[in-house]
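Side chains are part of it too, since the values below use all heavy atoms of this structure and drop only hydrogens, waters and symmetry mates.
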Amino acid sequence: MLPAKREALTLQTADGLDLVGELALPADREPEATVICVHPLPTHGGMMDSHIFRKAAWRLPALADMAVLRFNTRGTASQQGKSQGAFDNGVGERFDVAAAVEYAEFAELPRVWLVGWSFGTDLTLKYGLEPGVEGAVLLSPPLRYTKEDELERWAEDGRPLLALIPEQDDYLQYPEAEQRFAAVPQAELVEIENGGHLWVGKAEEALDRIVGRILPDRAPLPTTWDGPMERGDTSAYADKTVAAFGGFLPKADEEQGLPTTGDGRDPKSGEA
């Protein structure tokens, strides 16, 4: 874990819930941009510690001068704690997204972008056109909860949208994604070679793509670090499957859960 100023947060929603969150800032300078991480489906393992977002918070403040705001949507638990409320199938979660954006505005964080992953992309597309949001990056968008009129709102608004589509995604692959996102002329689609929905072994590419879209001069990220480091504790997730680090979406006929394999460690880094 690279150096950063880290602060535990409580985000308060308009409907009266307290959400668990964390803000990571560059240790010794002001951030140049901000990413708000909107995590995958909590009923299938998604949380603010899903591996790409955990690595974003541990690396981007030091390597890219970015602020990283993570939070657990209503009813979601992680090592940092559990947010109040209960999962609401993407309805009440509109207040959760708004609370995170409002906090970024209150804290005067610069150049706010939403980064959604899986279910988090649906929340981003449905509710992300908040004042002060500059644009959005979508990781593995399934377009499961997003309606056509919500895509049309992005088209009319004109804010930039980058959709990263893993080649082997379980839910939406590139040919269909091209058709669905045709409704948003400014949407940029990138196919991620050999990628899967959970981005196992692809976290570094995800971070490079995110930074490259928001702060192009900071990408690709350095692959070495010769400064101080801290140890991050992921022991609470040691007995989880790989799904717990991304958050599968259930298939239409598989709402009760999915079989998974693995010991929860990133095959590339060995990190749990």
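A donor-acceptor contact closer than 3.5 angstrom links the side chains of Asp122 and Thr146. Residues Thr121 and Thr124 bring no donor and acceptor atom of their side chains to less than 3.5 Å of each other.
For the side chain to side chain contact (heavy atoms under 4.5 Å, CB included) test, residues two or more places apart in sequence or in another chain that qualify with Ala100 are Leu11, Ile36, Leu69, Phe71. Taking the side chain to side chain contact (heavy atoms under 4.5 Å, CB included) definition, one finds that Ser83 meets it with Leu19, Val20, Asn72, sequence neighbours left out.
Within 6.0 Å of the CD atom in Gln173, the count of heavy atoms belonging to other residues, nucleotides or ligands exceeds 12. The local environment of CD in Gln186 is crowded, with over 12 non-hydrogen atoms from other residues, nucleotides or ligands closer than 6.0 Å.
Without hydrogens or angle criteria, Glu150 side chain to Lys147 main chain gives a donor-acceptor distance under 3.5 Å. Although no hydrogens or angles enter the test, the distance criterion places a donor-acceptor pair under 3.5 Å between the side chain of Trp225 and the main chain of Pro228. Put simply, the side chain of Ser118 never gets that close to the backbone of Gly120: no donor and acceptor are under 3.5 Å apart. Thr13 contributes no side-chain N or O that, together with a main-chain N or O of Ala99, makes up a donor-acceptor pair within less than 3.5 Å.
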List the steps, then state whether salt bridge (Lys or Arg N to Asp or Glu O under 4.0 Å) holds for Glu93 with Lys126.
CA-CA 10 Å; Glu93 284 83 1; Lys126 291 172 73 67; over 6 Å; no
Residues Asp169, His197; criterion side chain to side chain donor-acceptor pair (under 3.5 Å); working and verdict
CA-CA 5 Å; Asp169 197 286; His197 190 74; 3.0 Å; yes
Between Trp199 and Ser140, does a side chain to side chain donor-acceptor pair (under 3.5 Å) hold up when you go through it step by step?
CA-CA 9 Å; Trp199 291 75; Ser140 303; 2.7 Å; yes
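Checked options Arg70, Arg54, Lys55; the residue passing with Asp49 is Arg70 (criterion: salt bridge (Lys or Arg N to Asp or Glu O under 4.0 Å)). Partner of Asp65 under the salt bridge (Lys or Arg N to Asp or Glu O under 4.0 Å) criterion, chosen from Arg29, Arg111, Arg59: Arg29.
Taking both residues in full, the closest heavy atoms of Arg213 and Pro160 are given as NH2-CB, 3.2 Å, listed atom of the first, atom of the second, then distance. The two residues Pro142 and Tyr171 come nearest to each other via the heavy atoms CB-CB, 4.0 Å.
With rounding to the nearest 0.5 angstrom, the CD atom of Glu22 is 6.5 Å from the CZ atom of Arg6.
Taken together through direct or relayed side-chain contacts under 4.5 Å among Ile, Leu, Val, Met, Phe, Trp and Tyr, Tyr103 and Met48 form parts of separate hydrophobic clusters. Note on Phe95: it does not cluster hydrophobically with Tyr145, by side-chain heavy-atom contacts below 4.5 Å among ILVMFWY residues.
Membership of the apolar cluster around Phe181 extends to Leu125, Leu129, Leu138, Leu143, Leu151, Trp154, Leu161, Ile165, Leu172, Tyr174, Val184, Leu189, as traced through chained side-chain contacts below 4.5 Å between ILVMFWY residues.
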